[in-house]
Engineer: 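Attaching a single structure in structure tokens format; questions to follow.
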Amino acid sequence: MNDSHTVDLGARAYPVYFRTHAREELGARLAALASHHRLVVVTDTTVDALHGDALREALASEGVSPTFLVVPSGEGSKSVEQASRLWDAALSAGIDRRTPVVGFGGGVVGDLAGFVASTLLRGLPFVQVPTTLMAQVDASVGGKTALDHALGKNLIGTFHQPRFVFIDTGYLETLDERQRRSGLAEVLKHAAIAEPALLDAVTDPGVRAGDAVALRGIVERAVRIKAAIVVADERETGLRMVLNFGHTLGHALEAAAAGALTHGEAVSLGMVAALRLSERRAGLSPAASARVEDALAAVGLPTDWGRRLDAAARQHLGHDKKSRGDRLSVVLLQALGEPAVVPIPLSEYIETLTALAAENARKTP
Ligand SMILES: NC(=O)c1ccc[n+]([C@@H]2O[C@H](COP(=O)([O-])OP(=O)(O)OC[C@H]3O[C@@H](n4cnc5c(N)ncnc54)[C@H](O)[C@@H]3O)[C@@H](O)[C@H]2O)c1
């Protein structure tokens, strides 16, 4: 299989490769980009322990000496402190302007490594090698980098497109089931906003069982959807906002849960709330709404958003960076595959969700 897809951003166009167990090819592609046989690999402790040596060997057989910079696993590493530590280590290792930085890990590593690559020496070449389903279907494509701030997630960041993205679904074999489900939430998001037929593909038994080849099929479809949206609106001035479907409430729930929810679980909850709101405000049919909610439930994602809309979640909603003044830009669906960005005053948004949550609680006590 030799599939790839070009993210067609003109001078910044880049390929996304879709593979399963292709470590040697990855080594060769990284070697071709390495400057003076050097490159920096940013990874986390978990990915390093599971897959670091295989990458080191693949690079060594190509004559490349990588500098591995390892951060602790988890969202806490998207911090200024870790970025600063990586700046120090990369500069001490003697990088120059052509030294590539490789983000080898999940979305946390990708966001952090991308940010460091974009800021060191005014921008180093960057490569994404995503190892979680979440990162493969979403975070690794599109060039958004991010650090978190005390006032909210992803509030510090840049746009910095990678030179290429190497997606190897073989890495997903070591991912635990909860993390895999979390990634499926983003696939279902892509399906809901752009390709309803993908809803059924995600509930396929091979995909649910985590088969690396079955997963490659849906990863490829999800990436093509994301790439088309990114190409139409690289800097998120319009259309790209539809990728935030489920994320307004999702981010707030994730922040309020302080580690108890994965990103995908929070997005799943946010999407169900957005479906309810879409029925109320955008004419989405209850049958279409139920189709997405059923798919989320079928892969084991949480859908009980109403009881999680507590004071902490409401407070975090107020810090949403997509708000303009006191208005939020909320992504609703008019129909499956037909998203619309609707400005809603924050207070009205919270009131409507609170009322919908109360209605829901009455229906399912
Ligand atoms: N830049 C973007 O466009 C974008 C889009 C979506 C999400 N994100 C960001 O991505 C992050 C979430 O990504 P994530 O869910 O990948 O989280 P993550 O990077 O924290 O990875 C989840 C866990 O899986 C472990 N892991 C990674 N690869 C593994 C493997 N192959 N086998 C076993 N364990 C593995 C990690 O060490 C971590 O403990 C959030 O910070 C979110 O804001 C960014």
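For ligands, and for the atoms within them, numbers begin at 1 and follow the listed sequence.
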Engineer: Kindly write out the residues that satisfy salt bridge (Lys or Arg N to Asp or Glu O under 4.0 Å) with Arg281, not counting sequence neighbours, or none if the list is empty.
Structural biologist: Glu348
Engineer: With under 30° as parallel and over 60° as perpendicular, where do the rings of Phe166 and Tyr17 fit, or are they tilted in between?
Structural biologist: tilted
Engineer: For the CD1 atom of Ile218 and the CD atom of Gln136, what is their distance to the nearest 0.5 Å?
Structural biologist: 10.0 Å
Engineer: Sequence neighbours left out, cut at 3.5 Å: what donor-acceptor pairs do the side chains of residues 290-303 make with other protein atoms?
Structural biologist:
unit_1	atom_1	unit_2	atom_2	d
Arg291	NH2	Pro196	O	3.3
Arg291	NH2	Asp200	OD2	3.3
Glu293	OE1	Arg276	NH2	2.5

Engineer: Strictly under 4.0 angstrom, heavy-atom based: which residues surround ligand 1?
Structural biologist: Asp44, Thr46, Val47, Leu50, His51, Ser73, Glu75, Lys78, Gly106, Gly107, Val108, Asp111, Thr131, Thr132, Met134, Asp138, Ala139, Lys144, Lys153, Asn154, Tyr171, Thr174, Leu175, Gln179, Lys226, His263
Engineer: Identify, with sequence neighbours excluded, every residue that meets salt bridge (Lys or Arg N to Asp or Glu O under 4.0 Å) alongside Arg163.
Structural biologist: none
Engineer: Do the rings of Phe115 and Trp87 sit parallel, tilted or perpendicular, given the 30° and 60° boundaries?
Structural biologist: tilted
